[in-house]
Structure formats: structure tokens, C-alpha cells
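Remember, it's 1-based here, ligands and their atoms both numbered in the order they're listed.
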Amino acid sequence: MIADLHTHTTASDGELQPEELIERAREAGVEMLSITDHDTMAAYASIGDAAHGSINYGSIKIIPGIELSSIWRNTGIHIIGLNVALDEPKLLAGIKAQQSVRQRRAKTIAEKLAKLGFDDTLAGALRLAGDAPIGRPHFARYLVESGQIANEKAAFKKHLGQGKSCDVRNEWPVPETVIRWITEAGGQAVLAHPAKYKLTNLKLEELTTDFGSAGGHGIEVVCGQQDSRLTHRLGQLAARHGLLASSGSDFHRPGQPWAAIGRIAALPDDCTPVWERW
Ligand code: AMP
Ligand code: MN
Ligand code: MN
Ligand code: MN
């Protein structure tokens with residue numbers, strides 16, 4: 001089973017339109033796909049009536065999903081909601097609140113960038129975001145486009161990346177809140193890419209404990225092309241905490257081999273896949 005349950009489109013910070021993403025997923029042999037844009041489910045508006053459960057799109061089963069921003073202690077984390085109802089008022093209200101946070105946060109990010117000598121970044125990033133909820137990648141892109149920084153990687157490494165001065169995260173809701181929105185919409189809450197927060201083993205253990213206590217259902221055991229030892233370690237983490245396991249590429253754009261659609265290893269045998277619940 002190739003289950004890619006973590007992908008992005010132009011509805012957030014990805015480069016492909018939803019239809020293009022689905023077509024590429026089909027070519028890659030993906031059987032189950034979730035589009036999980038940051039704090040929006042707008043992609044689903046263009047791919048048919050998915051409001052009541054999964055959609056069969058040719059050979060692909062599409063699971064309605066979203067990637068919601070949250071804060072745990074002082075670290076920004078991401079929580080994937082899978083198999084959610086697209087018309088649940090409490091989740092829709094949560095998404096609306098997230099988008100207000102994004103608007104306010106963008107102003108703060110622009111102010112912090114201005115203090116570092118970068119000009120006009122709010123207008124530039126808003127233009128690049130268009131209808132999508134504005135995020136740090138739009139700032140990174142604008143800094144490159146306007147010739148103020150060499151490339152996006154450098155923008156994150158120096159200013160926008162985790163823990164840097166323009167990584168504004170204090171207004172995101174706590175995991176309990178985000179998990180409640182997902183649960184109320186009938187979905188499963190999955191802690192996204194647990195290894196990307198660069199936590200110590202002890203902290204990751206505490207995050208996983210807290211996530212489970214807050215009602216979280218699973219963790220992303222496979223995220224893109226990753227070391228098999230990491231997969232093993234995250235599989236053990238899920239099993240130890242009695243959590244389900246998910247897999248996804250975190251695809252944003254073609255040409256990134258470590259995050260190509262559907263290029264994800266199988267889950268370890270001792271894991272219970274999140275899709276066994278569906
Ligand atoms: P935001 O939603 O505004 O918090 O931005 C988070 C997004 O920025 C992630 O989903 C990635 O797409 C992107 N991102 C985060 N860290 C990096 C990085 N170090 N290099 C490139 N992109 C990154
Ligand atoms: Mn992203
Ligand atoms: Mn993420
Ligand atoms: Mn993602």
C-alpha cells in the first residue's frame with residue numbers, strides 16, 4: 001500500500017494545483033492520498049464533493065486532510081488532521097482563527113525582518129501568497145525575488161527557520177485545541193514529522209506523551225525519504241505510546257527527491273497504520 005498522507009498544493013505553500021498533484025500521485029502509484037495544506041482545506045473545493053468522507057478519484061482514494069500549526073512548550077509543531085469532515089463548523093472556525101493568526105504573525109515577521117534591514121517584505125510576501133494563507137516560505141521567496149538574500153535555504157537558515165529571530169510561533173494554539181478541532185470533525189490527529197523539531201530523545205518522548213494525553217491518535221513514522229534507522233526509531237516510539245502510524249512525503253514541489261510524491265518506505269511491521277481505522 002503506497003499511502004501518501006502528507007502533501008501540499010498551491011492552496012498553501014506548494015507549487016502544484018490540486019489536480020496536477022493528484023495526477024502525479026497516480027503516476028507514482030499512490031493508492032491513498034491526502035492533501036494536507038497548512039491551515040486550509042481550500043484544495044478540496046476544486047476536487048469534487050469530499051464533504052462526507054473519502055473520495056475515489058480514479059484509482060486513488062483521497063482522504064480529506066489538513067496540516068495545522070500548533071505550539072508545544074516553546075516549539076512550533078505541526079499536527080496533521082486526517083479523514084476529517086470538510087464541513088464541520090468547529091474545524092472550520094478553527095481554520096478561520098488560524099488564518100487570522102497568520103495575518104497578524106505576518107506583520108510581526110515583517111517588522112522583525114525590517115529591523116534586520118529587509119525592506120517591504122509584508123507587501124511582497126502577501127503578493128506571493130495570493131489566496132493562500134501567508135507563511136514563512138512566502139517571505140523567503142520574496143527575499144530571494146527582491147535580491148535581498150541569495151536563496152530560500154539561506155533565508156530559513158539565518159532568519160526564518162526554527163528558533164531563529166523571525167520564527168514567530170507564540171500565537172499558535174496548544175495541541176489540545178488543535179486535536180479537539182480534528183476530533184470534532186471525526187478525524188485522526190497525527191503528529192507531523194516528529195524528527196524535524198530537533199528535540200532531544202527525552203523531549204521527543206515528552207512531546208509524544210503529551211500528544212497522546214491530549215487525545216492525539218498517531219505520529220508520522222515515515223516522512224519522505226528518511227534513514228531506515230529513523231523509521232525504526234519512530235515506529236518504536238509510536239508502538240511504545242500506543243499510537244497509530246502514518247506515512248507521507250511532505251511533498252511541496254517537483255525536483256526535491258527527498259520529498260517526492262509517493263516515494264516513502266513501508267511502515268515497520270510492528271506499527272498499526274492509521275488507515276486501518278478507516
Ligand atoms: P509556516 O507555515 O509559516 O510556519 O512555515 C512553515 C513551512 O516553511 C514549512 O511547511 C516548510 O514548507 C517551510 N520550511 C520550514 N523550514 C524550512 C527550511 N529550513 N528550509 C526551507 N523551507 C522550510
Ligand atoms: Mn510547507
Ligand atoms: Mn510541517
Ligand atoms: Mn507539510
Side-chain angles (χ1 to χ4, degrees), residues 3-18 21 25 30 33-44 63-72 75-82 84 95 98-99 101-102 105-106 109 125 128-142 144 152-153 155-157 160-164 166-169 172-173 175 178-179 182 189-199 204 207 211 216 218-226 230 234 246-256 258-264 274:
D4 194 338
L5 303 176
H6 185 166
T7 63
H8 297 272
T9 72
T10 47
S12 65
D13 57 357
E15 268 179 21
L16 300 185
Q17 303 280 344
L21 176 84
V30 172
L33 174 75
S34 186
I35 297 172
T36 52
D37 281 306
H38 298 284
D39 300 307
T40 177
M41 304 194 294
Y44 291 94
I63 308 295
I66 186 166
E67 181 170 18
L68 292 159
S69 309
S70 177
I71 187 166
W72 177 75
T75 301
I77 64 163
H78 286 166
I79 300 175
I80 305 268
L82 292 173
V84 288
I95 290 171
Q98 295 287 85
Q99 298 188 358
V101 172
R102 281 190 176 271
R105 169 184 185 251
I109 293 174
L128 290 175
D131 292 333
I134 186 165
R136 287 176 283 163
H138 303 113
F139 282 93
R141 257 179 243 167
Y142 176 71
V144 176
E152 290 174 29
K153 196 174 169 201
F156 273 96
K157 193 163 181 215
L160 294 161
Q162 187 183 300
K164 302 294 171 189
C166 303
D167 170 25
V168 179
R169 56 201 182 278
W172 294 128
V178 171
I179 292 167
I182 294 168
V190 171
L191 178 64
H193 41 63
K196 298 239 170 97
Y197 309 122
K198 301 193 176 78
L199 300 171
L204 182 55
L207 168 59
F211 190 77
I219 70 173
E220 208 169 54
V221 168
V222 172
C223 185
Q225 298 275 95
Q226 67 184 24
L230 176 60
L234 294 175
S246 188
S247 62
S249 60
D250 205 4
F251 173 87
H252 282 73
R253 64 188 61 83
Q256 296 184 320
W258 63 91
I261 305 175
R263 279 190 59 194
I264 36 189
V274 62

Donor-acceptor contact below 3.5 Å, side chain [X] vs main chain [Y]:
X: Thr9; Y: Ala11; value: yes
X: Ser70; Y: Pro173; value: yes
X: Tyr44; Y: Ile35; value: yes

For the Mn ion (ligand 4): the N/O/S atom of Glu67 at shortest distance: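 That would be atom OE1.
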Heteroatom of Asp250 nearest to the Mn ion (ligand 4) (N, O or S, atom name): OD1
Contact summary for His8 and Asp37, nearest pair of heavy atoms: CA-OD1, 3.4 Å
Considering all heavy atoms, the nearest Val30-Gly262 contact: CG2-CA, 3.6 Å
Closest His38 atom to the Mn ion (ligand 2) [N, O or S only]: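 When I compare the N, O and S atoms of His38, NE2 is nearest to the Mn ion (ligand 2).
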The Mn ion (ligand 2) to Asp13: nearest N/O/S atom name: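 The Asp13 atom nearest to the Mn ion (ligand 2), restricting to N, O or S, is OD2.
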Between Asp13 and His138, a side-chain donor and acceptor under 3.5 Å: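 Absent: no donor and acceptor within the cut-off.
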For the Mn ion (ligand 3), the closest N/O/S atom belonging to His78: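 Looking only at N, O and S atoms of His78, the one nearest the Mn ion (ligand 3) is named ND1.
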Contact flag His6/the Mn ion (ligand 4), N/O/S atoms, threshold under 2.8 Å: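 Looking at His6, which is the residue asked about, there is an N, O or S atom under 2.8 Å from the Mn ion (ligand 4).
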Presence of N, O or S from His8 under 2.8 Å of the Mn ion (ligand 2): no
